There are 2 protein chains.
Amino acid sequence: MKRKITLKDIARELEVSISTVSKALKNSEEIGRDTKEKIQAFAKLYNYRPNNIALSLKNKRTKNIGVVIPDIVHYFFTTVFRGIEKYANQKGYNVIVCVSDESFDKEVINTELLANGSIDGFIMSLSAETQQKMDFHHLLEITEQGIPLVLFDRADDHVPCDKVILNDTEISYQAVNKFLANGRKHIALVTTESYFNVSAKRAEGYEAALSEAGIPIDPALKLILPYRDINENEIRQFFAATKIDAVLCVNEIFAVQCMAIVQKMGLKIPEDISFIGFTDGILSKFVQPTLTTIAQHGERMGEISAQMLIERIEIEMDVEKPYRTEIVEATIIERESTVN
Amino acid sequence: MKRKITLKDIARELEVSISTVSKALKNSEEIGRDTKEKIQAFAKLYNYRPNNIALSLKNKRTKNIGVVIPDIVHYFFTTVFRGIEKYANQKGYNVIVCVSDESFDKEVINTELLANGSIDGFIMSLSAETQQKMDFHHLLEITEQGIPLVLFDRADDHVPCDKVILNDTEISYQAVNKFLANGRKHIALVTTESYFNVSAKRAEGYEAALSEAGIPIDPALKLILPYRDINENEIRQFFAATKIDAVLCVNEIFAVQCMAIVQKMGLKIPEDISFIGFTDGILSKFVQPTLTTIAQHGERMGEISAQMLIERIEIEMDVEKPYRTEIVEATIIERESTVN
DNA sequence: ATGATTTACGAAAACGGTTTCGTGTTGATA
DNA sequence: TATCAACACGAAACCGTTTTCGTAAATCAT
């Protein structure tokens, strides 16, 4: 087993000082030709690489960024992650991932752990519980310590930091208008609890479009589902109880599950009932009929998040830079679940 | 902005030495009651936390593990990752993720970067290109440096290390036997290039079952698809050319795509043609008809991988411990694409 | 009162680098 | 020959910890 070689090893072996070795390997003008060549050759031979940890300690820069997300087995988050990882890697950063599992405590523990020097900055999307409790003390601590933070998608106005979010309200408004243009009158919304910021904004867009069309908001047309352990019967009852000819769902899974159920109830998609979901994931493309979805452009969101974060990391500390909120424009991808 | 406080800060403020502070915070018997209490109170007040980087340098332990996988927007890999992350986190380890994007070069660069002190061990699944080139020098370097390595799923016998793999051959054998038991005679295999180790093993099980049943292996019943950019026509031609009444697919996507195409060709599933895919992901559950799949138990694989890795990390270096290969037993999840 | 133990703390090395500054040697210049 | 700059290198500080060892003062036994 060949242990990693250090500057000290090279110095001892070549009978020079550690500083000489360090300088020689950086090709410093200070060191003579012969010595430099000798040291460089030796280093190459023994495949010397500087120790990252030592560098981090010295430079106060880890070249790591921390990503804290609620879930990893989740299409949208993985696409965002891919964007982050690609950009970060290209800029020489590594990515440490922690999964909060929608739990406030895990989110707190993970951030506090990483904040003790392990990373240069955070990219996060808030856990369900954090949004519900509206407790952001851990995030405020982070920013107060001067650690850059970017929130994406599930952000909150109470946290002063850079953000990357979707134009949720606007795109929902557009989606509902699309239903209206197709002559749909009984448009339902299938969503999650409203403490999810994004759900609230999507509901807002939904309601705005209806109001604008002079259609009253009917509570019977709104179904709130838990984000896990969905009860099929609840969905069945919802669709049985009221006449519905179009449905906007705040995610892909809700849409696909609803579609399967209404199909079993004998309805035709899109003739009798039309669907639009959020998250242009794998399901939307392969389910029957294929699902019209709102593409959130996760990879792009990740890229922008990483870019904003790294920019802030690498800026001089004394430069004042106001926080920005970048808005990514969603796109409606038309498929078979809506008529053109 | 409150910068992070260090031992030195506390020492200066309280007019004691750094060593005294360090010892007091570890509740050492060496330090007097009063001094200890004073220091501990001060540390609590200013929320002192030791710097992870400094600890890593001192202890030669980063408490980080590196995970290198070919793709992250991929159901199986994310479930494995979830297993890794859960177990690692619970053991106090963080996880650095690098995505090789099926590229040999990226895999090499990422591993070499992380190997310079950033992590205590690796968990990897080989990129397509690495398997094709059969070039494992970067992995050998890692193990020669004494850095623990666990390969999961896409492993290779040429790399001496711990491994966690699926009983691919056996479960494919069982799947084909299931088709045979249902009276299917023309059983196809839809797979990837054979340099994918797992595909080769799955083909082996497929062929073994057929041979045992006295059915000759017909090359026309084997379709090799690229792992991205699938051409639909190729699939259509394949199914048009030969009589096929059952199909084993080495992944979920292949299965779902084939199913959509044969349905368009007018075939009924499972009456006319039956399907079994690998990876019990989200698609299998929601596609119509639902897909019978082979569950790879990714989360469990991840957990085992993390456990094996951390065990080896924490073992005394001088203890000889032979490499193990842990085999995870797949399970066939029956759904509508096969008859019972 | 003297020597031996405790007690309670500090100095310093170590982890593996970078970087500033100092210094002995060389050759050129006045 | 005396002065001086350039050259080539080393010593040491520093990043933030932990830990070994040394030691002054206080306590104890004799």
Side-chain angles (χ1 to χ4, degrees), chain A residues 3-40 42-43 46-64 113-120 145-146 317, chain B residues 3-40 42-43 46-64 113-120 145-146 317:
Chain A
R3 279 230 60 66
K4 276 256 154 196
I5 194 175
T6 70
L7 287 187
K8 194 194 279 192
D9 297 330
I10 302 183
R12 183 172 10 82
E13 218 57 36
L14 262 40
E15 297 182 305
V16 291
S17 79
I18 294 181
S19 13
T20 302
V21 178
S22 176
K23 289 169 191 163
L25 294 178
K26 301 190 105 56
N27 229 328
S28 161
E29 290 306 321
E30 242 180 298
I31 307 298
R33 286 188 66 80
D34 308 359
T35 321
K36 262 207 293 206
E37 280 173 7
K38 188 176 59 175
I39 292 176
Q40 288 174 356
F42 190 90
Y46 284 94
N47 195 30
Y48 169 79
R49 297 272 176 267
N51 180 303
N52 290 153
I53 299 295
L55 286 179
S56 294
L57 185 59
K58 182 98 238 291
N59 303 335
K60 294 168 154 295
R61 278 288 171 84
T62 63
K63 284 278 187 175
N64 286 155
L113 207 87
L114 291 180
N116 295 323
S118 297
I119 49 95
D120 296 337
Q145 282 175 30
M317 285 294 276
Chain B
R3 278 231 60 66
K4 275 258 154 196
I5 195 175
T6 70
L7 288 186
K8 193 194 281 193
D9 296 330
I10 302 183
R12 183 174 8 83
E13 218 58 35
L14 263 40
E15 297 182 304
V16 292
S17 78
I18 294 181
S19 12
T20 303
V21 178
S22 176
K23 288 169 191 161
L25 293 179
K26 302 191 104 59
N27 230 327
S28 160
E29 290 306 321
E30 240 181 297
I31 307 298
R33 286 187 66 80
D34 308 0
T35 320
K36 263 206 294 206
E37 281 173 7
K38 189 176 57 172
I39 292 175
Q40 288 173 356
F42 190 91
Y46 284 93
N47 194 30
Y48 169 80
R49 297 272 176 266
N51 180 302
N52 290 154
I53 299 295
L55 286 180
S56 294
L57 185 58
K58 184 100 241 292
N59 304 334
K60 293 167 152 296
R61 277 290 171 83
T62 63
K63 284 278 187 177
N64 286 155
L113 208 86
L114 291 181
N116 296 323
S118 297
I119 49 96
D120 297 337
Q145 282 176 29
M317 285 294 277

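Quick note on labels: first sequence line is chain A, next is B, and so on, each numbered from 1. If you're wondering where the values come from, they're calculated on a predicted model, not measured in any experiment.
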Exam field: side chain A/Ser56 to backbone A/Asn52, donor-acceptor pair closer than 3.5 Å: yes
To the nearest 0.5 Å, what is the distance between CD1 (B/Ile5) and CD (A/Gln145)? 11.5 Å
With a 3.5 Å distance limit and no angle check, can you tell me whether B/Lys36 reaches the backbone of B/Ser28 through a side-chain donor-acceptor pair? yes
Per the atom types in the model, does the base of D/dA11 pair as donor or acceptor with the side chain of A/Ser17 at under 3.5 Å? no
Between C/dG16 and B/Lys60, is there an OP1 or OP2 to side-chain N/O distance shorter than 4.0 Å? yes
For the side-chain contact (heavy atoms from CB on, under 4.5 Å) test, which of B/Asp9, B/Val16, B/Leu14 pairs with B/Arg12? B/Asp9
Any N or O donor-acceptor pair linking the side chain of A/Ser19 to the base of D/dA11 at under 3.5 Å? yes
Which whole-number value in Å describes the distance from B/Glu29 CD to D/dT19 P? 15 Å
Atom-to-atom span, CD1 of A/Ile39 to P of C/dT18 - whole angstrom: 13 Å
Just to be sure I understand the rule, does B/Arg33 reach a base, reach only the sugar-phosphate, or reach nothing, if contact means heavy atoms closer than 4.0 Å? nothing
Looking at every strand, decide which applies to A/Ser22 at a 4.0 Å heavy-atom threshold: base, sugar-phosphate, or nothing. base
Rounded to the Å, how far apart are A/Ile31 CD1 and D/dA6 P? 18 Å
Let me know, please, whether B/Val16 or B/Ala54 comes out on the 5' side of the other along DNA chain C by nearest nucleotide. B/Val16
What's B/Arg49 touching, base or sugar-phosphate or nothing? Going by heavy atoms closer than 4.0 Å. sugar-phosphate
Assuming nearest nucleotide by heavy-atom distance, tell me which of B/Gly32 and B/Lys58 is located more 5' along DNA chain C. B/Gly32
Do the side chains of B/Ile39 and B/Thr20 get nearer than 4.5 Å, heavy atoms only? yes
Return the nearest nucleotide to the side chain of B/Lys8; candidates are C/dC9, D/dG10, D/dC15. D/dC15
What does A/Ser56 touch in the nucleic acid at a heavy-atom separation under 4.0 angstrom: a base, only the sugar-phosphate, or nothing? nothing
Given atom CZ of B/Arg12 and atom P of D/dT17, what is their separation to the nearest angstrom? 13 Å
Any non-hydrogen side-chain atom of B/Glu13 less than 4.5 Å from a side-chain atom of B/Ile10? no
Start at the 5' end of DNA chain D and walk down; is the nucleotide closest to B/Asn51 or to B/Lys23 reached first? B/Asn51
Tell me: CG of A/Asn116 to P of D/dG16, nearest whole Å? 13 Å
Between A/Leu14 (CG) and D/dG10 (C1'), how many Å, whole number? 15 Å
What's the CG-C1' distance between A/Leu57 and C/dT19, to the nearest Å? 15 Å
At 4.0 Å (heavy atoms only), tell me whether A/Leu7 reaches a base, stays on the sugar-phosphate, or touches nothing. base
Using the side-chain heavy atoms of B/Tyr48, tell me which of these nucleotides is nearest: D/dT17, C/dT19, C/dG16. D/dT17
What is the separation between atom CG on B/Leu55 and atom P on C/dG16, rounded to the nearest whole Å? 15 Å
Picking from C/dT18, C/dC21, D/dT17, which would you name as closest to the side chain of A/Glu30? C/dC21
